[in-house]
Number of protein chains: 2
Amino acid sequence: MLTVYLAGPEVFLPDAIEVGERKKRLCSAYGFEGIFPLDNEIVPKASSERIDRLIYRANEAMIRRAHFGICNLTPFRGVSADPGTVFEVGMLAGLGKRVFAYTNVAPDYFDRTKRTEALAFDSGQKLWRDTHGMTVEDFGNADNLMIDWAVAERGGYPIVRHDARPMEIDRDLTGFERCLRLAAEAFARPA
Amino acid sequence: MLTVYLAGPEVFLPDAIEVGERKKRLCSAYGFEGIFPLDNEIVPKASSERIDRLIYRANEAMIRRAHFGICNLTPFRGVSADPGTVFEVGMLAGLGKRVFAYTNVAPDYFDRTKRTEALAFDSGQKLWRDTHGMTVEDFGNADNLMIDWAVAERGGYPIVRHDARPMEIDRDLTGFERCLRLAAEAFARPA
């Protein structure tokens, strides 16, 4: 049975374990074994051991063990995805594993950025700049182009975008289930 | 000569090429060849080719070619680092390459988050939560623990934190040069 690493900011929710269990049950329904960061019980053996380091090591070991990843790229504390999850997209890609991903906020990166700060059009370069003078990517992607294209190139499908209801943004699994269907399709095809 | 991939949000600056040249000159002074994303001239061969996809492919090829990376993790459009750079930290780590990193904002992730939104202390779980009820990491790290520990484990040194003057935040190379010194030290040591 193929093992899928379940990356996303839901690990920070008060009901994280329950959300993880819902994800794992859906994985089983599609014939995959889901592994979730909080499956590891982190117990420092000595008081000098740093819990954050143990969490890093446990997560890295899970990512290495997984055959592929499904990553929740819903915006987190700002315009972009949770940076822990983005790091994991990169690690999965570097390890040559397939990556599927979804976001519960459908509007693209440029639109989201425009809503949060005043942008200025640089007519010489024909692009938009933020208040630091920095270019704002306007390719229609869900997030920074490295993330969108890593998912498209590694998983074979673009990031799944679903507009969850505001109260459900952190827990809606519609896009997640769509990723499971794409993964089932991808692994059923001859490589 | 060892080649170093220069990751960071300075690619979005109006004077990105100049900042990249300054970084590459510093690399040479430490005996490294610096490669910068904008070294690639991206010219689509057909009008149907997407520029963002070509940029992704060119950057990935550079990362694969590099022996190691130095990543600018200065906060970008929010409390965390540029997600493109964070993705690249993950890819470098997944490829088993050394990663060094710096930030031009010294206060830690928890302190920065506390300044931007109202946090509530969850006395049952003994941790801080944001307005979504999501845990705010309070380990003293510069960013999400996956990023800090990937750098510490892959490069051998914590993220270099330097408090640049506000006007210099996007261009100050003090922390970058410190990373070059650490890299020179690391590669001089027997593995």
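Chain identifiers are assigned alphabetically (A, B, ...) following the order of the sequence lines, protein sequences preceding nucleic acid strands; residue numbering begins at 1 within each chain.
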- Note on the structure: So, the part of B:T113 with a heavy atom under 4.5 Å from chain A: the answer is side chain
- Of the backbone (N, CA, C, O) and the side chain (C-beta and beyond), which part of B:Q125 lies under 4.5 Å from a heavy atom of chain A, both, or neither? neither
- Around atom CZ of A:R178, are there more than 12 heavy atoms of other residues, nucleotides or ligands at under 6.0 Å? no
- Residue pair B:M146 / A:E88, side-chain heavy-atom distance below 4.5 Å: yes
- Query: So if you build clusters from Ile, Leu, Val, Met, Phe, Trp, Tyr with side-chain heavy-atom gaps below 4.5 Å, do A:L173 and A:L180 land together?
  - Reply: yes
- Query: Does B:R64 reach the main-chain N or O of A:G94 with its side chain, forming a donor-acceptor pair under 3.5 Å?
  - Reply: no
- Counting heavy-atom pairs under 4.5 Å with chain A, the top scorer among B:V11, B:N59, B:D143, B:I51 is B:N59
- Please look at B:D15 and chain A and tell me whether the side chain, the backbone, both or neither of the residue comes under 4.5 angstrom of a heavy atom of that chain. neither
- Under a 4.5 Å heavy-atom cut-off, does chain A meet the side chain of B:D52, its backbone, both or neither? both
- Given the options A:V89, A:L92, A:T131, A:I63, which has more heavy-atom pairs under 4.5 Å with chain B than any of the others? A:V89
- Query: Is it the backbone or the side chain of A:D82 that comes under 4.5 Å from a heavy atom of chain B, or both, or neither?
  - Reply: side chain
- Applying a strict 4.5 Å limit to non-hydrogen atoms, the region of B:A16 in contact with chain A is neither
- Note on the structure: Per-residue tally against chain B (heavy atom, under 4.5 Å) across A:S80, A:P83, A:G78, A:P9 peaks at A:P83
- Item | Residue among B:R50, B:H132, B:R77 with most heavy-atom pairs under 4.5 Å to chain A | B:R77
- Decide side-chain contact (heavy atoms from CB on, under 4.5 Å) for B:E10 and A:M134; before the verdict, give the C-alpha distance in whole Å, the side-chain angles of both, and the deciding distance to 0.1 Å. CA-CA 8 Å; B:E10 55 270 7; A:M134 288 197 172; 5.6 Å; no
- Item | Common cluster, A:W149/A:Y102, ILVMFWY with side-chain heavy-atom separation under 4.5 Å | no
- Item | Student check: side-chain heavy atoms of B:R53 and A:F139 closer than 4.5 Å | no
- To the nearest 0.5 angstrom, please state how far the CZ atom of A:F12 sits from the CG atom of B:L127. 11.0 Å
- Query: Based on non-hydrogen pairs under 4.5 Å, which of A:A152, A:A81, A:P14, A:G133 is most in contact with chain B?
  - Reply: A:P14
- Message: With a sphere of 6.0 Å drawn around CD of B:E168, does it hold more than 12 non-hydrogen atoms of other residues, nucleotides or ligands?
- Response: yes
- B:N141 versus chain A, heavy atoms under 4.5 Å apart: side chain, backbone, both or neither? side chain
- Query: Given side chains that start at C-beta, do those of A:N144 and B:F87 come closer than 4.5 Å, heavy atoms only?
  - Reply: no
- Note on the structure: Comparing B:A93, B:A150, B:G96 against chain A, the one with the most heavy-atom pairs below 4.5 Å turns out to be B:A150
